[in-house]
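All remarks here apply to the structure that follows.
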Amino acid sequence: MENTLKIAMAQISPVLLNKIETLKKVEHSITEAGKKGCELIVFGEALVPGYPFWVALTGGAEWNTQVNKELHAEYVRNSIQIEAGELDAVCELAKQHKIAVYLGIMERAKNRGGHSIYASLVYIDATGEIKSVHRKLQPTYDERLTWSPGDGNGLQVHSLKQFTVGGLNCWENWMPLPRTALYGLGENLHIAVWPGSDHNTKDITRFIARESRSFVVSVSSLMTKDLFPKEMPHLDKILENCPDVLANGGSCIAGPDGEWIVEPVLHKDGLIIQEIDFNRVFEERQNFDSVGHYSRPDVTKLAVNRERQSTVEYKD
């Protein structure tokens, strides 16, 4: 049906610091979702090659230590450079299965020199084309020790059947102005990606849904102590104070009235599939539309800079 959309939330764990093996898991999930007739699949924040849980476990704020340097170097080496074609196989599968993809990666951005990394949310449409790469605007707390701040270029929305879909990374979803930037573009299906755990998703998912009168899909990853690879640098130091569970999932969906369609799912590995009905958006916008009939642009207005930032501009 044209007014419905079948969504797969891929609540999986990375093969930490191994982009090749993690991409294989991503590709397997896309194939599985495609065979089940899904039209959109969403993966968690920084899934490829994983979230840097080690920063908080290894004295990440210590200045100029060999531990931090070696772990960071391994992370950068396993981050994705889109320009080198490292997502080509994912794009081909999206095209083959006619499924749109939101994928959280660590991006080694060529236009910023290729040595710093960004928590990026990549949107690939059902024809296999990369339509936007949103670099997280503001890394959160200890993430700032390893991630770089992004820009507004990826504050984009995309048509998907009757829906208009956009997405943000993790605590960006708490930032009122980036949310508003997407609302103003007509977003009615909001994608929120997380490294994991229901303490992140259980409140904000329903709040955004009620604020925007949109569907909100929150997707998290899984991570447990035993998933740190044995060959990981300084593993003994990482495991000294490491909890057994670092990310318990918490993927969920709220409807435009702010009520649960799928409550946070914990400790479950695999696809969580749900169909949503676009008509619910129009129903709930009748009484509130934050950028439509319930807005006052003559009083308050947001300006958004979507220029892709780069340190050097070359003129040949």
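Because only heavy atoms are used, hydrogens play no part in the values below, and waters and symmetry mates are left out as well, while side chains stay in. Positions are given from 1, in the same order as the sequence printed here. Since the model is a prediction, treat every value here as computed from it, not as a measurement.
With hydrogens and angles left out, the side-chain atoms of His134 and Gln156 include no donor and acceptor closer than 3.5 Å. A side-chain N or O of Glu107 and one of Ser120 form a donor-acceptor pair less than 3.5 Å apart. Checking Thr146 against His72 by side-chain atom types alone, a donor-acceptor pair falls below 3.5 Å. For the residue pair Ser214/Arg285, the side-chain donor-acceptor check at 3.5 Å is satisfied. Side chains of Asp198 and Thr201: no donor on one and acceptor on the other come within 3.5 Å.
Between Glu259 and Arg206 there is a salt bridge, with a side-chain nitrogen of the basic residue lying less than 4.0 Å from a carboxylate oxygen of the acidic one. Under 4.0 Å is where a charged nitrogen must lie from a carboxylate oxygen, and between Glu283 and Arg280 at least one such pair does. Salt-bridge formation is not detected for the pair Lys136/Glu172: no Lys NZ or Arg NE/NH1/NH2 atom is positioned less than 4.0 Å from an Asp or Glu carboxylate oxygen. Residues Glu74 and Arg77 are paired through a salt bridge, judged by an N-O separation under 4.0 Å between the basic side chain and the carboxylate.
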Could you give the side-chain donor-acceptor pairs of residues 263-272 under 3.5 Å, partners two or more places apart or in another chain?
none

In a table with atom names and distances, give each donor-acceptor pair under 3.5 Å that connects a side chain of residues 90-103 to protein atoms at least two apart or in another chain.
none

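Side-chain N or O atoms of Glu143 include one that pairs as donor or acceptor with a backbone N or O of Thr140 at under 3.5 Å. Using a distance-only test at 3.5 Å, with no hydrogens or angles considered, no donor-acceptor pair links the side chain of Asp244 to the main chain of Lys225. Proximity of a side-chain donor or acceptor of Ser295 to a complementary backbone N or O of Gly292 within less than 3.5 Å is detected. Judged by distance alone, with hydrogens and angles left aside, the side-chain atoms of Arg210 form a donor-acceptor pair with the main-chain N or O of Asp257 at under 3.5 Å. Within the 3.5 Å criterion, the main-chain N or O of Thr4 finds a donor-acceptor partner in the side chain of Lys161. Under a 3.5 Å cut-off, the side chain of Asn200 and the backbone N or O of Gly196 do form a donor-acceptor pair. The closest donor-acceptor contact from the side chain of Arg108 to the backbone of Ser116 lies at 3.5 Å or more, if one exists at all. When atom types are taken as modelled, the side chain of Asn3 and the backbone of Phe278 share no donor-acceptor pair closer than 3.5 angstrom. With hydrogens and angles ignored, the 3.5 Å screen pairs no side-chain donor or acceptor of Ser251 with any backbone N or O of Met9. A donor-acceptor pair is defined here as one N or O able to donate and one able to accept, closer than 3.5 Å; such a pair exists between the side chain of Arg179 and the backbone of Asn173.
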Quick one, Ile41 with Ser29, criterion side-chain contact (heavy atoms from CB on, under 4.5 Å). Give me CA distance, side-chain angles, the key distance, then yes/no.
CA-CA 8 Å; Ile41 183 169; Ser29 296; 4.0 Å; yes

Pair Leu23, Leu87 - check side-chain contact (heavy atoms from CB on, under 4.5 Å), show working.
CA-CA 8 Å; Leu23 281 172; Leu87 293 182; 4.0 Å; yes

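For the pair Arg112 and Ser310, the tightest heavy-atom approach, listed with the atom from each and the gap, is CD-CA, 3.8 Å. Residues Val15 and Lys25 come closest through the heavy atom pair CG2-CD, 3.8 Å.
Applying the side chain to side chain donor-acceptor pair (under 3.5 Å) test to Asp298 and every residue at least two apart in sequence or in another chain returns Arg296. Taking the salt bridge (Lys or Arg N to Asp or Glu O under 4.0 Å) definition, one finds that Lys36 meets it with Glu32, sequence neighbours left out. Residues satisfying the side chain to side chain donor-acceptor pair (under 3.5 Å) criterion with Thr224, sequence neighbours excluded, are Asp226. Not a single side chain to side chain donor-acceptor pair (under 3.5 Å) links Gln309 to another residue, sequence neighbours left out. Shown here are the side chain to side chain donor-acceptor pair (under 3.5 Å) partners of Ser218, two or more places apart in sequence or in another chain: Trp194, Thr205. Residues that satisfy the salt bridge (Lys or Arg N to Asp or Glu O under 4.0 Å) test with Lys6, not counting sequence neighbours, are absent from this structure.
Other members of the cluster containing Val299 do not exist, because no ILVMFWY side chain is joined to it at under 4.5 Å. When hydrophobic residues (I, L, V, M, F, W, Y) are linked wherever their side-chain heavy atoms come within less than 4.5 Å, the members clustered with Tyr314 are Val312. Tyr75 belongs to a hydrophobic cluster whose other members, connected by ILVMFWY side-chain contacts under 4.5 Å either directly or through intermediates, are Leu16, Leu17, Tyr51, Phe53, Trp54, Val55, Leu57, Val67, Leu71, Val76, Met106, Ile117, Leu145, Trp147, Met223, Leu227, Phe228, Met232, Leu235, Ile238, Leu239, Leu246. Clustering of Ile, Leu, Val, Met, Phe, Trp and Tyr by side-chain heavy atoms under 4.5 Å joins Tyr118 with none of the others.
Tyr123 pairs in a side chain to side chain contact (heavy atoms under 4.5 Å, CB included) with only one of the listed residues (Val165, Val133, Ile130), which is Val165.
In this structure, CZ on Arg306 lies 5.5 Å from CG on Leu185, to the nearest 0.5 angstrom.
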